[in-house]
Amino acid sequence: MGLVLNIVGWIVRLAVVLVILALMSSCTMLGLNYASLDTENKPEARPAITAETLGEWESGRADLLKTFETVEYGPWPSGLAVELVDRRMIDPDLANGAGTLEELTIRVGSGEGARIFHVALALPSGNGKSPLIISQSFSSNCEAFPGQPLTAPDGGSCEDHDTMPGFVSSIFGEFIALVPADQYFARGYGYASWLAGELIPDRDGDAQRIMSAMTGEGVTSPTGAVAGWGAGISAVIDVLEQDPSIDQDRIAALGHSRHGKSVIVAGVYDRRISAVIAHQSGFGGAASSRSTTGETVKRMIHGARAFGVIKLDGYPHWFDQTFVDYANHTEDLPVDQHQYLALLAPTPVFLGNGRRDVWSDPNSTYRMAEGADRVYELYGTDGLDQSGMQDFNPAAAISYYIRPGGHSITQQDITAFMDFLDAALPQRNEVPGEPNKANVSP
Ligand code: GCU
């Protein structure tokens with residue numbers, strides 16, 4: 001009997017190890033692979049952008065944008081009412097008095113389809129106007145600013161909520177949820193964080209239902225959550241537009257992974273965003289939709305099976321149905337993501353990557369950056385100005401960054417984000433009162 005129990009015990013242990021290995025090799029964060037530094041292993045961006053002049057590029061820009069709306073992201077929402085419902089002080093002495101923490105309650109849309117979300121706004125002390133990083137996140141504001149009496153996603157107080165379990169940050173990085181406000185304040189930045197799922201839930205079925213309920217007279221509602229979340233960034237800018245402590249010419253949008261996808265969309269449409277940080281945005285973000293390694297569009301949309309057994313869900317609700325239909329044959333797509341990055345030009349963009357995060361496909365991301373370079377140059381910027389994947393140039397208008405490690409937000413990333421922003425956003429003492437021209441020649 002003892003022997004049988006022993007054997008069963010070992011079988012159970014083996015099964016557990018196999019399950020862990022399956023998850024590690026199949027899911028986004030713990031890939032056992034290591035991205036090469038070879039960019040030739042990915043095809044060049046296709047179709048190539050051939051515009052010879054800025055005028056030529058700009059004359060085709062609206063049509064290209066329309067194509068992306070039709071085949072990938074759905075429309076950018078418009079006509080939605082945005083209202084600041086409440087603004088309250090949470091902590092007048094955040095980070096040992098280096099700044100303050102407030103909470104904004106924002107309503108988007110009207111009638112039964114209206115959505116409410118909460119923004120935690122950390123601003124450095126001082127009389128001047130500060131640049132602001134607006135970050136949409138997977139984490140609730142309770143996890144972004146632990147211990148503060150902010151509103152939890154269920155409407156209760158964060159004080160009554162447990163914070164994120166430690167193992168999450170061990171896997172996804174120290175700053176996957178936590179906002180290092182002291183570091184941002186020390187370099188002069190304000191930081192606004194909100195849980196994207198409060199605006200549009202990150203669940204297939206619920207997301208589409210809530211997006212279509214946003215429809216109303218004169219309203220174009222989103223058909224994909226990526227664009228819908230992006231519009232949340234715009235709503236935050238709307239309600240802060242008159243705030244005297246924020247420098248409206250120095251607003252950056254920051255997102256990791258799925259939120260990296262949507263900050264690119266936000267930057268394409270909302271030109272009040274002066275810099276975009278798309279960290280590990282992957283497929284549907286800065287990686288090539290035609291790439292066949294890493295997650296691939298197909299797996300992102302339809303999910304995957306680890307060892308043919310464990311089902312990893314897909315995310316069809318992030319995109320318009322047409323993209324879902326293309327997922328099994330992305331070769332036929334008329335566009336690829338280098339063109340989407342080009343639509344962002346000349347806004348400076350940071351493309352963050354991790355060597356172990358092959359799921360997000362760092363190599364094809366570099367290829368997309370190369371493909372977009374031409375348009376950034378047509379705008380008079382330096383575009384992608386590095387000799388290879390590892391030659392990070394935070395001052396370039398397309399700033400490709402790769403570090404060791406996986407799908408996460410680490411200290412090294414936070415420093416790189418700020419190095420990029422310091423270069424991308426105009427320095428007030430250099431261009432007082434001017435719109436963002438830091439990376440654009442006159
Ligand atoms: C999943 C998804 C990715 C996404 C990632 C994330 O792995 O498939 O496309 O980038 O989640 O948001 O962390």
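Side chains are part of it too, since the values below use all heavy atoms of this structure and drop only hydrogens, waters and symmetry mates.
Tyr401 and Asp391 share no donor-acceptor pair across their side chains, judged by distance under 3.5 Å alone. Side-chain contact annotation: Tyr379 with Glu58, donor-acceptor N/O pair under 3.5 Å present. Checking Glu377 against Thr381 by side-chain atom types alone, no donor-acceptor pair falls below 3.5 Å. For Thr296 and Arg290, the side-chain atoms include no donor-acceptor pair closer than 3.5 Å. Side-chain contact, Gln136 with His259: a donor N or O sits under 3.5 Å from an acceptor N or O. Defined by atom type and a distance below 3.5 Å, a donor-acceptor pair is missing between the side-chain atoms of Thr322 and Asp325.
Side-chain rings of His279 and Phe417 approach one another, their centers coming within less than 6.0 Å.
Residues Leu178 and Phe145 have side chains not in contact (no heavy-atom distance under 4.5 Å, counting atoms from C-beta outward).
In terms of modelled atom types and a separation under 3.5 Å, the side chain of Arg355 and the main chain of Val358 share no donor-acceptor contact.
No option in Ile273, Thr347, Leu343, Leu341 other than Leu343 meets the side chain to side chain contact (heavy atoms under 4.5 Å, CB included) test with Val268. Applying side chain to side chain contact (heavy atoms under 4.5 Å, CB included) to Tyr73 and the options Phe323, Trp318, Tyr269, Phe68 leaves one that passes, Phe68.
For the pair Arg356 and Tyr34, the cation-pi criterion (under 6.0 Å, within 45° of the ring axis) is not fulfilled.
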